[in-house]
Protein chains: 2
Amino acid sequence: MPSKPPPPITIDAVYAAPGYLFRRMQQIAVSIFMEECKAFDLTPVQYAALIAIHTHPGIDATRLSAVIAFDRSTLGSVIERLQAKDYVERKPAPEDKRIKLLHLTKSGAAILREIIPAVERAQARMLEPLKPADRKTLMGLLVQLVDLNNEASRVPLRAEDALEHLGKAG
Amino acid sequence: MPSKPPPPITIDAVYAAPGYLFRRMQQIAVSIFMEECKAFDLTPVQYAALIAIHTHPGIDATRLSAVIAFDRSTLGSVIERLQAKDYVERKPAPEDKRIKLLHLTKSGAAILREIIPAVERAQARMLEPLKPADRKTLMGLLVQLVDLNNEASRVPLRAEDALEHLGKAG
DNA sequence: TCTAAATTGACAGTATACTGCCAATCTGGC
DNA sequence: GCCAGATTGGCAGTATACTGTCAATTTAGA
């Protein structure tokens with residue numbers, strides 16, 4: 001019996017490929033975020049880092065990377081920029097000389113409060129073209145897919161890691 | 001009547017945000033692509049560029065950028081790398097000295113044929129954790145969303161631009 | 001206790017993304 | 001034919017991403 005013919009080598013196959021669509025959608029999402037938040041000069045990554053530090057004061061960079069699932073190497077320069085803007089402080093940990101603890105400054109906490117409405121607008125705009133029911137469906141499937149693919153990511157999300165800096169009693 | 005309380009400032013809001021999920025999924029997609037295609041030393045962007053040049057031989061960099069919706073500045077260095085690997089040729093256009101025409105080399109066409117099965121495997125793996133019906137639903141909604149948000153992107157997709165280099169009869 | 005292994009943060013190198021600018025070139029309107 | 005405006009490609013500068021390496025430090029095991 002004849003085998004299936006090889007798929008045609010065309011750009012149309014790319015347009016329908018999941019990887020291509022995820023890339024495009026991510027770029028659109030960043031573009032919308034930056035537009036809504038341009039008054040604040042914060043990138044999506046910087047925003048997520050600020051939120052995570054706010055939720056887990058005194059966390060270190062390595063654990064922060066696990067908590068937001070961002071690359072640890074990259075995160076170093078992200079924190080540097082947040083430090084330069086005076087949104088974040090880094091203090092050496094007394095009991096472990098390798099570690100630097102992260103805290104929000106007053107400015108950091110303030111900008112976080114102020115930027116939230118813009119971020120909410122951005123997030124809403126990304127899904128706006130869809131019908132409300134479809135938005136829910138899409139987000140539901142996406143949450144599932146990201147979760148089920150967690151280990152395929154180079155930096156899997158480890159939300160529970162955040163608690164370790166509060167004392168090693170596990 | 002009382003207004004809605006402000007949303008809590010927590011990392012959990014980030015985990016459910018569309019922008020965060022699109023970023024994570026894109027990173028997972030790249031990770032899976034690179035794993036399946038590591039024998040070929042081609043990135044997802046380089047692969048898309050090769051496919052587009054194959055589909056539209058003689059296209060120039062600006063039009064290529066519109067056809068795959070990638071940033072024009074970035075595309076310059078992408079093409080340089082493809083040229084360094086001897087997958088792509090750049091020839092000045094005789095009738096317009098500003099333009100450089102892009103063609104695949106024999107190596108470029110060959111690696112494209114060879115890499116396709118690995119790319120297909122990668123694309124399948126990205127959606128594998130979902131049930132088949134859910135994969136269709138997700139892709140359908142994503143195609144819609146990317147299309148409806150096309151103009152929100154900094155580099156909107158203009159697939160029809162590709163035809164212009166074949167003669168300006170519009 | 002002494003040391004092998006693990007952890008943390010830093011760094012170098014590559015590859016997207018995007019902004020903004022520039023010179024060379026082409027086109028259209030006059 | 002000339003000039004204003006558009007187009008093309010290149011470049012500098014910033015910000016993620018990721019790989020791999022390294023030193024300082026801590027931890028765990030023999």
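Every chain is numbered from 1, with letters handed out A, B, ... down the list of sequences. Side chains included, hydrogens not; waters and symmetry mates left out as well; all remaining heavy atoms used.
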| said: Closest approach to the side chain of B:Val45, judged atom by atom: which nucleotide of D:dT16, C:dC18, C:dT16 is it? | reply: C:dT16
| request: Over all heavy atoms of both residues, which pair between B:Glu36 and B:Ala118 is shortest? Give the atoms and the distance, please. | output: O-CB, 3.5 Å
| query | Which atom names give the shortest non-hydrogen contact between A:Phe33 and A:Thr43, and what distance separates them? | reply | CE2-C, 3.7 Å
By side chain to side chain contact (heavy atoms under 4.5 Å, CB included), which residues pair with [X], not counting sequence neighbours?
X        : value
A:Ala61  : A:Ile79
B:Ala110 : B:Arg113, B:Glu114
A:Arg135 : A:Leu127, A:Leu130, A:Pro132

| request: Report which part of the nucleic acid A:Val78 touches: base, sugar-phosphate, or nothing (heavy-atom distance under 4.0 Å, all strands). | output: sugar-phosphate
| request: Taking only heavy atoms on the protein side, list every residue of residues 47-55 of chain B lying under 4.0 Å from any atom of DNA chain C, sorted numerically. | output: none
| field | DNA chain C-proximal residues of residues 31-44 of chain B, any heavy atom under 4.0 Å | value | B:Thr43
Please state how far atom [atom1] in [X] lies from atom [atom2] in [N], giving the value in whole angstrom units.
X        : N      : atom1 : atom2 : answer
B:Leu82  : C:dT14 : CG    : P     : 17 Å
A:Lys97  : D:dA23 : NZ    : C1'   : 15 Å
A:Asp71  : C:dA15 : CG    : P     : 16 Å
A:Glu95  : D:dT26 : CD    : P     : 9 Å
B:Ile79  : C:dA15 : CD1   : P     : 15 Å
A:Arg158 : C:dT7  : CZ    : P     : 12 Å
A:Leu75  : D:dA15 : CG    : P     : 15 Å

Does [Y] offer a backbone N or O that forms a donor-acceptor pair with the side chain of [X] under 3.5 Å?
X        : Y        : result
B:Thr137 : B:Ala133 : yes
A:Gln123 : B:Gly19  : yes
B:Asn150 : B:Leu157 : yes
B:Asn149 : B:Ala152 : no
B:Thr55  : A:Thr10  : no
A:Tyr87  : A:Leu112 : no

| query | Under 4.0 Å between a side-chain N/O of B:Gln26 and OP1 or OP2 of D:dT16, yes or no? | reply | no
| Start at the 5' end of DNA chain C and walk down; is the nucleotide closest to A:Ile28 or to B:Lys85 reached first? | B:Lys85
| remark: Each nucleotide of nucleotides 7-12 of chain D classed B (base within 4.0 Å of a protein heavy atom), S (only sugar-phosphate) or -, in 5' to 3' order, makes BBBBB-
